[in-house]
2 protein chains.
Amino acid sequence: MDAMGIDDPPRLGLRERKKAKTRAAIQEQALRLFREQGYEETSVEVIAEAAEVSPSTVFRYFPTKPDLVIYDDLDDRMIEAFRAQPPDLTAVQALRAAFLSSFGGLAGEELALQRERELLMRSVPELREAMLGEFARTVRAIAELVAERTGRAADDDAVLALAGAVIGLSIAAWFASDGDDWTARFLERMDTGMALLESGLRL
Amino acid sequence: MDAMGIDDPPRLGLRERKKAKTRAAIQEQALRLFREQGYEETSVEVIAEAAEVSPSTVFRYFPTKPDLVIYDDLDDRMIEAFRAQPPDLTAVQALRAAFLSSFGGLAGEELALQRERELLMRSVPELREAMLGEFARTVRAIAELVAERTGRAADDDAVLALAGAVIGLSIAAWFASDGDDWTARFLERMDTGMALLESGLRL
DNA sequence: CTAGTATCTGATATAGGCTCTCATTTGCAT
DNA sequence: ATGCAAATGAGAGCCTATATCAGATACTAG
């Protein structure tokens, strides 16, 4: 099932796997129902029924309804990719590379899922706001990464400015891009945007 | 009840004034109760009671509970200030000036109200997300203003990057600043951040 | 001044999100 | 196998939010 890390706890029992499975099942059914009959039109009760659990259980795994769509591990992957960048790159360059490698390396299956989530998050106001909340949390994460790399403090003005600007870039690119080639346009906008951040936005 | 305003706008009927009064009363009571006993701890029903209206009426004026705190006209003032900037400034310089003049020119009474709202929006997750939704909407507004000033398209990559970066800056500064001199720190961070946007973020 | 009209208001009913508690079941270790 | 800890299901209950409908209130025309 899973390769054991060196000090990977042997305590990864059946229980944990069952939890992961239940969690995945709930989210999968939720996304399917959202796609088929809309987000607001789908009650948590119906989702629970489809996933063959009780409503209580749904809320135990996903504290709020938006979480059914929002939950994501892309951030973790990007953090990993960022740390893996060679140290001679500037912070912005490392961010660009990390961004491209983590977003570009999406398999077909996974990409379709992302697109589905993206569509929901853009069209349903409630989800849009929840996602922005995630973004805000990400600012801190990026600031810490950049601080770590540059040796500056995490609340340094320039570090914060960079982290904020990158997040803002993604917000703008997220809502501006459109149509079938959304992913491509989004990546493109992010990349050119980050380049502009480094060279200076002189308009 | 109230003396006839001799130079009151003639076409502003009694009905309209009553509406504005009710609206103000509701919001005022809401903010007071939120301050005294917390946001989540205050139900809309209690607010309605304090403002001497029915719960239905509260929701008629403020469609959602967060709206009781979020409503704001600072954006409009900033747009006005931006348009008033001399055309020889760069877009970023004009933004900096507009920002300073609209935020710096807050009266004592108004400033206190803003601080109260700011505190709520930072501490209550629900309000934080609602505010971020406002921010996202603002991206488009800024992009259009910058486009208008520079003669570029509103969906131009650089224009979007600038608008997004500025919003991201404000998100970062909003959550990073802290303590008593919050307003001052916030303004300071925004100003240095925008300067960095123009000169380039080379870390 | 009166009657008619539009709008605002309040009461009620309802749905659905979300929290909490408690009893039961299930996985896990000795 | 047995005791412990965790996960689950069932249900009650609160609150936000919406829709409807009847009654009250301000505007307007005659």
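This one's a predicted model, so the numbers in the text were calculated from it and none came from an experiment. So that the names make sense, note that chain A is the first sequence line, chain B the second, and so on, each numbered from 1.
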Which atom pairs, one a donor and one an acceptor, fall under 3.5 Å between side chains of residues 78-86 of chain B and the rest of the protein, sequence neighbours left out?
unit_1: B:R83; atom_1: NE; unit_2: B:E148; atom_2: OE2; d: 2.8
unit_1: B:R83; atom_1: NH2; unit_2: B:E148; atom_2: OE1; d: 3.2
unit_1: B:Q85; atom_1: NE2; unit_2: B:A81; atom_2: O; d: 3.1

- Item | Flag if over 12 foreign heavy atoms under 6.0 Å of CD, B:E45 | no

- Task: Find the distance B:E45:CD to C:dA13:P and express it as a whole number of Å.
- Result: 15 Å

- Task: For B:L68 and D:dC15, give me the distance from atom CG to atom C1', rounded to whole Å.
- Result: 14 Å

- Query: By a strict heavy-atom criterion of less than 4.0 Å, which residues belonging to residues 51-64 of chain B are in contact with DNA chain C?
  - Reply: B:V53, B:S54, B:S56, B:T57, B:R60, B:Y61

- Query: Got a salt bridge between A:E28 and A:R32, using NZ or NE/NH1/NH2 to carboxylate O under 4.0 Å?
  - Reply: no

- With side chains defined as the heavy atoms from C-beta onward, is the minimum distance between B:L132 and A:E129 less than 4.5 Å? no

- Item | C:dC8 OP1/OP2 closer than 4.0 Å to side-chain N/O of B:K18 | no

- Message: I want to verify a distance call: between D:dT8, C:dG16, D:dT16, whose nearest atom is closest to the A:S43 side chain?
- Response: C:dG16

- Query: So do the side chains of A:E116 and A:L111 get within less than 4.5 Å of each other, counting heavy atoms only?
  - Reply: no

- Message: If the cut-off is 4.0 Å, is A:K19 near the phosphate of D:dA7, judged by side-chain N/O to OP1 or OP2?
- Response: yes

- Please state how far atom CD in A:E126 lies from atom P in C:dC18, giving the value in whole angstrom units. 7 Å

- B:R17 CZ to D:dT25 C1', straight-line distance once rounded to whole Å: 15 Å

- Query: Taking the inter-plane angle between the rings of A:F186 and A:F99 on a 0 to 90° scale, is it parallel (under 30°), tilted (30 to 60°) or perpendicular (over 60°)?
  - Reply: tilted

- Item | Separation of atom CD1 in A:I47 from atom P in C:dG16, rounded to whole Å | 12 Å

- Is B:R117 salt-bridged to B:E110, going by a charged N under 4.0 Å from an acidic O? no

- Query: C:dT19 C1' sits how many Å from B:E41 CD, rounded?
  - Reply: 14 Å

- Query: To the nearest angstrom, how far is A:K21 atom NZ from C:dG27 atom P?
  - Reply: 12 Å

- Query: A:E40 has an atom CD; how far is it from atom P of C:dG16, in whole Å?
  - Reply: 12 Å

